[in-house]
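Before any comments, here is the structure.
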Amino acid sequence: MEKVVGVEILQVGGEIKKVSKRRLDSVIAEIIEGRFKGLVCAFDLDGKVLYGNDRVELILKGSSFFDVIPALERGRLIEMFSEVHRDGESLRSVPCFVPLTVGKHCIRDEKVRGELLTFSKGLVLKIPEEVLLELMEMELEKLKVLLSHHPTTGLWITDETGFIVDILKGNCTRNLGWDEEEIVGKHISSLVIKLHEGPEEVYELKRLHKDGRLVRTNVVEGKVVFSNGHIYHVYLDTYFR
């Protein structure tokens, strides 16, 4: 590999490719000036996040963007990112489909349409707001962030058979004493003495505290369809003290 006027030149299969000379700050400035709405995440080829807007915060659990890509797809995507970056001077912008892990759920790539922009040290991923709005998993992550500021609120997500797949873990521990690993995978019926059996979507019942006490609870129940096409149940609790 040699350097010509500060631009890396790579010979790949007999074809010379040039890495983009654009700076990250200029790429982000263009995005902001264009009033783009949606997810914007810049990362280098090691996955380190160099810039992320508020949508990125909903999915990012660490410092690496690669962590939000499902493990089975990660190698293929990293190879694609490297190839796009190597040809950045001529490509600049590339439409793409990127699988994501949102919360505890994997979303297939055909559901996540975006665009890759190149800059000298890495890539910027843009996912339009209209795509994000179709991902119920993202909407639930936004709801979890909102509800985490309300200490007497709980949120339960179960599969169609009633087994718990996700909870609002901080508030669950605060109000019912349970830790996430003690609850996820159990049936929702294990947390009440008697399940609600009526048609009402708003009702009252008593949740089981870890210490054996019963906690009076107002419940709003609903159904959502995730990106995998499966139906999930959502229970929004208000705990009385």
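Residues C96 and V84 have side chains not in contact (no heavy-atom distance under 4.5 Å, counting atoms from C-beta outward). Looking only at side-chain heavy atoms (C-beta outward), L236 and L143 stay at 4.5 Å or farther from each other. A 4.5 Å side-chain heavy-atom check between E221 and H233 finds at least one atom pair inside the cut-off. Within the 4.5 Å cutoff, side-chain heavy atoms of I167 are placed close to those of I164. V219 has its side chain out of reach of H196: every pair of non-hydrogen atoms, C-beta onward, lies at least 4.5 Å apart. Side-chain atoms of V98 and D109, non-hydrogen and from C-beta on, never get closer than 4.5 Å to each other. Counting heavy atoms from C-beta on, the side chains of V49 and C41 come closer than 4.5 Å. For the pair K121 and L24, the minimum side-chain heavy-atom distance is 4.5 Å or more.
Taking the charged nitrogens against the carboxylate oxygens, D237 and R207 do have a contact shorter than 4.0 Å, which makes a salt bridge. Between D87 and R92 there is no salt bridge, since none of the side-chain N atoms of the basic residue sits less than 4.0 Å from a carboxylate O of the acidic one. Here D166 pairs with K144 in a salt bridge; the nearest charged N to carboxylate O distance falls below 4.0 Å. Look at E129 and R55 and you find a salt bridge, because one of the NZ, NE, NH1 or NH2 atoms lies within 4.0 Å of a carboxylate O, short of that distance. With respect to the salt-bridge test (charged N to carboxylate O, under 4.0 angstrom), the residues K104 and E180 qualify.
The nearest pair of heavy atoms linking P151 to N175 is O-ND2, 2.7 Å. Minimum heavy-atom separation, E182 to K186: O-CE, 3.2 Å. Contact record, L208 with S190: CD2-O, 3.8 Å, taken as the closest heavy-atom pair. Taking every heavy atom of both residues into account, S148 and N171 meet most closely at O-OD1, 3.9 Å. Between A42 and V124, the closest heavy-atom pair is CB-CG2, 3.8 Å. A pairwise comparison of heavy atoms in V131 and R113 identifies CG2-NH2, 3.3 Å as the closest pair.
A distance below 6.0 Å separates the ring centres of F81 and F43. In this structure, Y232 has its ring center under 6.0 Å from that of H105.
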Stepwise side chain to side chain contact (heavy atoms under 4.5 Å, CB included) check, L45 with I78: CA-CA 8 Å; L45 295 186; I78 291 174; over 6 Å; no
Candidate pair I188 and W156, rule side chain to side chain contact (heavy atoms under 4.5 Å, CB included), full reasoning: CA-CA 8 Å; I188 192 73; W156 309 82; 4.1 Å; yes
Audit row: L132, E139, side chain to side chain contact (heavy atoms under 4.5 Å, CB included) steps and yes/no: CA-CA 8 Å; L132 300 178; E139 294 303 300; 5.7 Å; no
Stepwise side chain to side chain contact (heavy atoms under 4.5 Å, CB included) test for I157 and Y235: CA-CA 7 Å; I157 303 172; Y235 301 86; over 6 Å; no
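For E134 (side chain) and K111 (main-chain N/O), no donor-acceptor pair under 3.5 Å exists by modelled atom type. Without hydrogens or angle criteria, R86 side chain to V19 main chain gives no donor-acceptor distance under 3.5 Å. Proximity of a side-chain donor or acceptor of D179 to a complementary backbone N or O of E181 within less than 3.5 Å is not detected. A donor-acceptor pair under 3.5 Å is formed between the side chain of T173 and the backbone N or O of W178. Side-chain atoms of H187 come within 3.5 Å of backbone N or O of S189 as a donor-acceptor pair.
Heavy atoms from other residues, nucleotides or ligands lying under 6.0 Å from CD of E33 number 12 at most. A 6.0 Å sphere centred on NZ of K210 holds more than 12 heavy atoms belonging to other residues, nucleotides or ligands. Crowding of E79 atom CD: a count of heavy atoms from other residues, nucleotides or ligands under 6.0 Å not exceeding 12.
A cation-pi arrangement is absent between R74 and F66 under the rule of less than 6.0 angstrom and at most 45 degrees off the ring axis. For the pair K48 and F65, the cation-pi criterion (under 6.0 Å, within 45° of the ring axis) is not fulfilled.
Checking E204 against T217 by side-chain atom types alone, no donor-acceptor pair falls below 3.5 Å.
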